[in-house]
Protein chains: 2
Amino acid sequence: MPVHAAPNALFTALPDPTRRAICERLSRHGEQTVHILTDRASVSLPAVSKHLGVLRRAGLVRNRREGRHTHCRAEPDGLAPLIDWMSLYGAFWRERFGRLEALLNRMDP
Amino acid sequence: MPVHAAPNALFTALPDPTRRAICERLSRHGEQTVHILTDRASVSLPAVSKHLGVLRRAGLVRNRREGRHTHCRAEPDGLAPLIDWMSLYGAFWRERFGRLEALLNRMDP
DNA sequence: CCGATCCATAACGATATGGTTATGGGATGC
DNA sequence: GCATCCCATAACCATATCGTTATGGATCGG
């Protein structure tokens, strides 16, 4: 099992709409440079750059530098702490995730 | 009362550790009065009261008044927007939640 | 070599957030 | 009736968050 970022960094990263938009774009369109992300965002480049730092520390985004370009990609595993927390939340979800886990284990070993 | 609160209210409610602790306690121990929650929390009663307001607006907690006591209980359905958002995030989780959806449809119609 | 481009960081201001104490209203007990 | 308990809200303060502009380092094109 992979080591997860501190859950608090993840929870703190999610409320900002600009950050969620960045996550959604990266998940839909794959790797994007900071420049492209800035063009699509409604804020300045320094703002995007800082948001990316927050997302990287939360484990949701990974950077790959290539020359003067920085390519960013989504890191789905970073969502794991969310699943962990939700699984604690109550019988409703715990039961369903427990069964899901069993199903997944049977289906793809 | 809306079926689901705005997703942003949910995302905004989660980062605070005191609020998450309240959610965890309610999910583990069932209904609790504000007074009990305050005793277990590390902050004052007004703080707890305001946190409960945030959680209620996020759809995570529901109140039931009985005399001078206010009983609070967890509302697992409030987590649905979180699932919705994660299902957009990437192939990894989308695939798993697709299976979850199918499983749930078979399990409880 | 030189200007332009991509990006990160610093510095700063406006607003949001989370805590406190103070106040008050409604329910309960004596 | 009156004090007490439970809770919500108001008022206020400290800090965090999120935006901006300014600056600079690194890289590429010509």
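Residue numbers start from 1 in every chain, and the chains themselves are labelled A, B, ... in the order their sequence lines are given, proteins ahead of strands. Since the structure is predicted, the reported quantities are computational estimates derived from the model, not experimental observations.
When all heavy atoms of A:Pro15 and B:Phe11 are compared, the closest pair comes out as CG-O, 3.2 Å. Between B:Leu82 and B:Leu10, the closest heavy-atom pair is N-CD2, 3.8 Å.
The shortest distance between side-chain heavy atoms of A:Cys72 and A:Leu26 falls below 4.5 Å.
Projected onto DNA chain D by closest heavy-atom contact, A:Pro46 and A:Arg68 fall at different nucleotides, the more 5' of which corresponds to A:Pro46. Take the nearest nucleotide of DNA chain D for A:Pro15 and for A:Glu66: the residue whose nucleotide is more 5' is A:Pro15.
Heavy atoms of A:Thr38 sit nowhere under 4.0 angstrom from any nucleic acid atom. Counting non-hydrogen atoms under 4.0 angstrom, A:Ser49 reaches a base of the nucleic acid.
Put simply, A:His35 has a side-chain N or O that comes within less than 4.0 Å of OP1 or OP2 on C:dC6. A close approach under 4.0 Å does occur between a side-chain nitrogen or oxygen of B:His51 and OP1 or OP2 of C:dG19. Contact annotation: A:Ser44 reaches the phosphate of D:dT20 (side-chain N/O to OP1 or OP2, under 4.0 Å). Between B:Arg65 and D:dC6 there is no side-chain N or O to OP1 or OP2 distance below 4.0 Å.
Atoms CD (A:Gln32) and C1' (C:dC6) sit 15 Å apart, rounded to a whole Å.
In the model, B:Arg73 has no side-chain atom that pairs as donor or acceptor with a side-chain atom of B:Asn63 under 3.5 Å.
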